[in-house]
Amino acid sequence: MSERTTFDDDPRPDSVLAAEYVLHLLDPSDRRATEARLDRDGGFRREVAGWAETFAPLGDAIPEATPPARVRSRLLREIGEPGKKRRLSIRRVLLGLVGGAGLAAAAIVGLAVLPEGVEMPGAGGRLQAELTSEDTPYVFEASYQDGTLTLRREAGAVPQGRDLQLWLAPGPSGGPVSLGVLPPAEEVRIQVPPAIQETVLPSALLEVSEEPIGGSPEAGPTGEVLAIGEIGDG
Amino acid sequence: MSGTRDIEQLLGRVAEGDRSAFLRLYDATSAKLFGVCLHILNDRAEAEDVLQEVFLKIWRSADRYHANGFSPMTWLITVARNAAIDRLRVRRSRAGDGGHEDLARVQDTRPGPESAAIAGSEAQRIAQCLTELDDRRADAVRGVYLRGLSYQDLAERHDVPLNTMKTWLRRSLMLLKDCLSR
């Protein structure tokens with residue numbers, strides 16, 4: 001597949017060129033020339049979009065496959081780099097390390113929010129994160145040790161008629177996993193189920209979203225993410 | 001998977017650099033896009049690598065989405081499909097001719113969605129028009145779309161010169177267009 005600087009000689013109508021572009025059959029130089037034309041030729045752009053929608057159903061039967069959780073973690077590191085565009089600021093405040101990195105099998109888990117004043121378990125790696133957003137006034141401080149996560153709401157109120165829900169991402173199955181709907185208290189302690197504990201790791205994210213009363217009706221957050229923070233070993 | 005309007009809204013927010021919207025978009029679409037990469041590459045490690053590249057591309061170029069007139073899932077799948085095909089071609093150019101043999105073997109034995117029932121009106125249109133082509137033409141179009149076959153791959157499979165294959169496939173696309181326009 002050598003690169004040429006001109007289109008090959010075989011004449012063909014625009015509709016065929018558009019189909020070849022959509023099918024990704026053009027070699028790199030023809031492709032670039034075609035893309036330049038897309039920028040200035042609305043009719044050709046519609047022709048390309050038409051072919052894309054025409055062929056799309058052929059891919060409907062391709063089965064979905066859940067990617068490994070590390071892809072999500074790596075992406076978060078990439079898009080969080082300074083100098084890249086982003087709104088949510090992630091500040092890492094983290095000490096120590098915790099647990100092994102083995103992936104637990106996904107499990108349906110119960111969740112116990114402990115009453116305040118329960119003794120924190122003894123020595124062990126301690127993790128911390130600060131959850132913030134540039135778009136909202138919310139600030140939460142999280143710390144985690146030996147399966148117990150303490151979350152303190154430093155700023156921002158519980159919205160009327162909504163619940164706040166805490167998420168860890170990635171969870172055991174790769175996507176975000178709920179750590180529970182937050183009680184209204186400013187400081188809550190959450191017992192993280194054993195199957196999830198192994199994914200409470202540096203570079204994972206804690207997110208607080210606002211959800212319908214009782215929590216998200218879906219497996220992941222459905223409302224606005226109000227604050228987000230990265231667990232790290234910074 | 002979320003609805004078309006949800007994905008569209010998320011893309012709009014990603015275009016503005018909204019990191020949480022990006023995560024939501026990833027959670028809603030990564031399984032489909034990973035499926036597409038895996039289907040074309042048939043190699044988990046490579047598919048994983050390409051998926052990461054694809055989502056970075058989406059993060060950086062979501063602002064271009066509105067200009068192209070694609071529905072949101074079609075656009076996302078197109079980004080994934082093209083990236084996977086580019087990787088496939090790099091792999092093959094490194095592997096030399098042996099790569100082509102590998103490819104042919106894999107494709108001949110792997111059951112694919114080509115034979116699966118397709119639902120929906122847009123879907124019925126392309127399915128119907130493909131049946132109007134003769135089998136070799138229809139198989140070539142499906143192989144290009146679903147397996148990322150290049151003109152070179154098709155020429156080798158059918159044992160014809162490259163330019164002959166180009167003319168033949170372009171003719172197939174013209175016939176397809178005629179049918180779709182009816």
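Atoms considered below: every heavy atom in the structure, side chains included; atoms not considered: hydrogens, waters and symmetry mates. Naming convention: chains lettered A, B, ... in sequence-line order (proteins, then strands); numbering from 1 in each chain.
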Name the option with the most non-hydrogen atom pairs under 4.5 Å to chain B; the candidates are A52(A), A19(A), G220(A), A169(A). A52(A)
Taking disulfide bond (SG atoms under 2.5 Å apart) as the cut-off, I'd like each qualifying pair that reaches into residues 140-182 of chain B, sequence neighbours left out, listed once. C129(B)-C179(B)
Distance-only donor-acceptor check, side chains D63(B) and S61(B), under 3.5 Å: no
Options V16(A), D39(A), V22(A), ranked by heavy-atom pairs under 4.5 Å with chain B, top entry: V16(A)
Measuring only between side-chain heavy atoms, which start at C-beta, is V71(A) closer than 4.5 Å to D49(B)? no
Which atoms of Y145(B) are under 4.5 Å from chain A, going by heavy atoms: the side chain, the backbone, both sets, or neither? both
Counting only non-hydrogen atoms closer than 4.5 Å, does L169(B) touch chain A with its backbone (N, CA, C, O), its side chain (CB onward), both, or neither? side chain
Quick check on S15(A) against chain B: is it the side chain, the backbone, both or neither that has a heavy atom closer than 4.5 Å? side chain
A31(B), A47(B), C37(B): which one forms the most heavy-atom pairs within less than 4.5 Å of chain A? A31(B)
Assess the residue pair R72(A) and D27(B) against the criterion (salt bridge (charged side-chain N to carboxylate O under 4.0 Å, His left out)); give the C-alpha distance rounded to whole Å, side-chain angles, the decisive distance to 0.1 Å, and a yes or no. CA-CA 9 Å; R72(A) 197 181 195 271; D27(B) 295 333; 2.7 Å; yes
Would you please test E53(B) and K57(B) for salt bridge (charged side-chain N to carboxylate O under 4.0 Å, His left out) and show each step? CA-CA 6 Å; E53(B) 189 184 296; K57(B) 190 165 183 184; over 6 Å; no
Is there any residue in residues 154-166 of chain A with a non-hydrogen atom under 4.5 Å from a non-hydrogen atom of chain B, and which ones are they? none
Could you tell me which residues in residues 77-87 of chain B have at least one non-hydrogen atom under 4.5 Å from a non-hydrogen atom of chain A, sorted by residue number? R81(B), N82(B), I85(B), D86(B)
Relative to chain B, which segment of T222(A) carries a heavy atom at a distance below 4.5 Å: side chain, backbone, both, or neither? backbone
Under 30°, 30 to 60°, or over 60°: which ring-plane class applies to H158(B) and W168(B), parallel, tilted or perpendicular? tilted
Testing the basics here: between K32(B) and G59(A), what is the closest heavy-atom pair and its distance to 0.1 Å? NZ-O, 3.0 Å
Would D27(A) and S29(A) count as having a side-chain donor-acceptor pair, cut-off 3.5 Å? yes
Is atom CG of D159(B) surrounded by more than 12 heavy atoms (other residues, nucleotides or ligands) closer than 6.0 Å? no
Engaged part of P221(A) at the chain B interface, taking heavy atoms whose separation is under 4.5 Å: both
Can you tell me how the ring of Y65(B) sits relative to the ring of W75(B), calling it parallel under 30°, perpendicular over 60° and tilted otherwise? tilted
Measuring heavy-atom distances to chain A, does L130(B) have an atom under 4.5 Å in its side chain, in its backbone, in both, or in neither? side chain
Do Q52(B) and E48(B) get their side chains close enough for a donor-acceptor pair, meaning under 3.5 Å? no
Between L131(A) and G229(A), what is the shortest heavy-atom contact and its length? CG-N, 3.8 Å
D178(B) meets the salt bridge (Lys or Arg N to Asp or Glu O under 4.0 Å) criterion, sequence neighbours left out, with none
Would you indicate whether R46(A), at its atom CZ, is surrounded by more than 12 heavy atoms from other residues, nucleotides or ligands within a distance under 6.0 Å? no
